[in-house]
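Numbering of residues begins at 1 and proceeds along the displayed sequence.
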Amino acid sequence: MKETAYTLLDSGNLRKLEQVGPYRLIRPALNAFWAPTLPEAEWREADAEFVRDSSGRGAWRGRERLPDRWEAGWGGMVMRIKPTGFGHLGFFAEQFRNWEFFRRSCAGREALNLFAYSGLGSLAMAAGGAAVCHLDAARGMVEWGRENLALNPKIPDRVRWIVDDVNKFAARELRRNRTYDLIALDPPTFGRGSSGQLWKIETDLPKLLADCLALRRPDRPFTLVLSCHSPGFSLLVLERLVREATGGAGEIVAEEMFIPEATGRKLPSGIGVRCELP
């Protein structure tokens with residue numbers, strides 16, 4: 001194997017060049033308007049490239065050179081990699097700072113991870129000492145999370161795996177009087193729940209944020225971690241929505257998410273807000 005870790009090697013011309021374990025890949029980076037730093041010869045070394053089409057999907061060129069799955073390390077964890085028809089690999093590298101926060105801030109906490117994808121955020125919470133509820137509407141993603149946990153035997157198995165629609169689950173937890181002192185969510189722009197329920201971020205996120213605050217354990221400090229990749233949602237929009245949900249209370253940190261490049265630059269990759277309530 002040439003490499004075992006993930007590295008963003010370069011970006012430019014709306015693409016990014018990544019070393020993902022032993023394989024070098026090119027994927028879209030729709031805000032990389034600059035020119036690449038590395039010479040074209042480095043890009044030609046790629047094993048495969050995902051080319052997006054007008055529908056938002058696309059296809060892998062050179063997919064036959066890739067296995068169905070392999071492992072790579074990033075953010076202090078080993079990850080199961082599976083190239084998908086949407087060009088995803090099973091992780092979002094820009095989440096690494098949230099994972100660092102979870103590892104140092106979760107001791108003794110009851111944590112809820114919504115839209116939890118392949119579980120790396122949940123694993124970071126468990127590594128930090130939290131009891132974690134991991135929720136995603138796709139059963140395949142929850143199973144992927146279990147696979148990632150198995151690849152990291154030093155992380156305690158403190159994760160409750162749930163397949164459900166996020167709005168239905170939040171409403172049910174409220175009826176049960178369940179509470180949490182840390183909730184993280186990375187909502188999609190559009191999606192469907194476990195039984196086909198429609199999710200649209202512009203209409204559903206404000207209500208979900210209100211439910212998250214209602215699930216707060218009242219006698220302990222509370223943390224809300226919200227990240228977003230949706231067009232039209234800026235840092236100011238995200239911060240205002242969180243302030244609306246908290247009634248203006250709490251200390252908020254809003255920042256652009258990024259992936260560090262081996263070139264020394266950063267590739268912006270979404271936005272995030274963290275709110276701390278005493």
Side-chain angles (χ1 to χ4, degrees), residues 74-77 79-80 88 90-152 155-174 176 178-188 191 193-194 199 201 204-205 208-209 211-217 220-229 238 242 245 257 270-277:
W74 176 244
M77 291 176 283
M79 312 173 297
R80 175 65 47 80
H88 296 165
F91 71 102
F92 296 107
E94 65 272 15
Q95 290 282 351
F96 75 99
R97 288 192 296 174
N98 280 336
W99 302 342
E100 291 171 355
F101 173 79
F102 296 148
R103 275 192 288 264
R104 68 175 184 267
S105 306
C106 277
R109 304 184 84 167
E110 292 283 339
L112 173 60
N113 192 12
L114 301 173
F115 308 102
Y117 198 52
S118 65
L120 295 168
S122 300
L123 268 58
M125 292 171 180
V132 186
C133 179
H134 168 110
L135 182 132
D136 198 277
R139 185 171 300 278
M141 297 311 304
V142 172
E143 292 304 315
W144 202 334
R146 293 180 184 272
E147 292 177 30
N148 280 327
L149 178 60
L151 292 172
N152 293 271
I155 296 178
D157 187 359
R158 296 169 56 86
V159 182
R160 183 164 62 109
W161 306 95
I162 304 291
V163 179
D164 204 349
D165 171 74
V166 66
N167 289 324
K168 287 177 56 180
F169 177 81
R172 189 164 61 250
E173 292 290 85
L174 286 168
R176 293 172 174 170
R178 285 291 302 267
T179 58
Y180 299 88
D181 41 32
L182 186 150
I183 299 179
L185 58 160
D186 184 16
S194 57
W199 164 271
I201 191 170
D204 289 324
L205 181 57
L208 180 58
L209 289 175
D211 286 347
C212 288
L213 269 295
L215 286 169
R216 175 191 177 184
R217 180 172 169 175
R220 295 191 60 175
F222 177 79
T223 303
L224 179 73
V225 179
L226 169 64
S227 52
C228 181
H229 301 80
L238 223 58
V242 171
M257 302 169 72
I271 54 177
V273 169
R274 186 172 72 245
C275 180
E276 303 274 7
L277 292 166

Can you see which heavy atom on [X] is nearest to which on [Y], and at what distance?
| X | Y | result |
| --- | --- | --- |
| His229 | Glu94 | NE2-OE2, 2.8 Å |
| Leu149 | Pro156 | CD1-O, 4.3 Å |
| Ala111 | Met125 | CB-SD, 3.7 Å |
| Ala137 | Val163 | O-CG1, 3.6 Å |
| Val159 | Ala126 | CG2-CB, 4.1 Å |
| Pro188 | Phe115 | CD-CD2, 3.4 Å |

Can you confirm whether [X] sits close enough to [Y] that some side-chain heavy atom of one is under 4.5 Å from a side-chain heavy atom of the other?
| X | Y | result |
| --- | --- | --- |
| Cys228 | Ile201 | yes |
| Leu224 | Cys212 | yes |
| Leu215 | Thr179 | no |

Do Asn113 and Leu135 pass the side chain to side chain contact (heavy atoms under 4.5 Å, CB included) test, and can you show the C-alpha distance, the side-chain angles, and the key distance before you say yes or no? CA-CA 6 Å; Asn113 192 12; Leu135 182 132; over 6 Å; no
Give, for atom [atom1] of [X] and atom [atom2] of [Y], the distance between the pair rounded to the nearest 0.5 Å.
| X | Y | atom1 | atom2 | result |
| --- | --- | --- | --- | --- |
| Arg146 | Asp157 | CZ | CG | 8.0 Å |
| Asp204 | Trp199 | CG | CH2 | 5.0 Å |
| Glu173 | Ile183 | CD | CD1 | 9.5 Å |
| Asp186 | Asn98 | CG | CG | 8.5 Å |
| Leu112 | Cys133 | CG | SG | 5.0 Å |
| Arg103 | Trp99 | CZ | CH2 | 8.0 Å |

Set of ring pair (Phe, Tyr, Trp, His ring centres under 6.0 Å) partners for Phe91, sequence neighbours left out: Tyr6
Checking [X] now: which residues fulfil side chain to side chain contact (heavy atoms under 4.5 Å, CB included) with it, not counting sequence neighbours?
| X | result |
| --- | --- |
| Ala245 | Leu209, Leu213 |
| Ala131 | Glu110, Arg158 |
| Arg274 | Phe101, Thr223, Val225, Val253, Glu276 |
| Asn148 | Met79, Arg80, Ser118, Leu120, Leu123, Trp144, Leu151 |

Look only at the side chain of [X] and the backbone of [Y], and say whether a donor-acceptor pair between them is shorter than 3.5 Å.
| X | Y | value |
| --- | --- | --- |
| Asp181 | Phe222 | no |
| Asn152 | Ile155 | no |
| Trp74 | Ala93 | yes |
| Arg109 | Leu182 | no |
| Trp161 | His134 | no |

Going through the distances and angles, do Val142 and Ile162 end up as a side chain to side chain contact (heavy atoms under 4.5 Å, CB included)? CA-CA 7 Å; Val142 172; Ile162 304 291; over 6 Å; no
Lys/Arg-Asp/Glu bridge criterion (N-O < 4.0 Å) met for Arg97, Glu100: no
Kindly determine whether Val132 and Arg160 satisfy side chain to side chain contact (heavy atoms under 4.5 Å, CB included), including the steps that lead there. CA-CA 6 Å; Val132 186; Arg160 183 164 62 109; over 6 Å; no
Applying salt bridge (charged side-chain N to carboxylate O under 4.0 Å, His left out), name anything that partners Arg217, two or more places apart in sequence or on another chain. Asp219
Please walk me through it: do Arg178 and Arg172 pass side chain to side chain contact (heavy atoms under 4.5 Å, CB included)? CA-CA 9 Å; Arg178 285 291 302 267; Arg172 189 164 61 250; over 6 Å; no
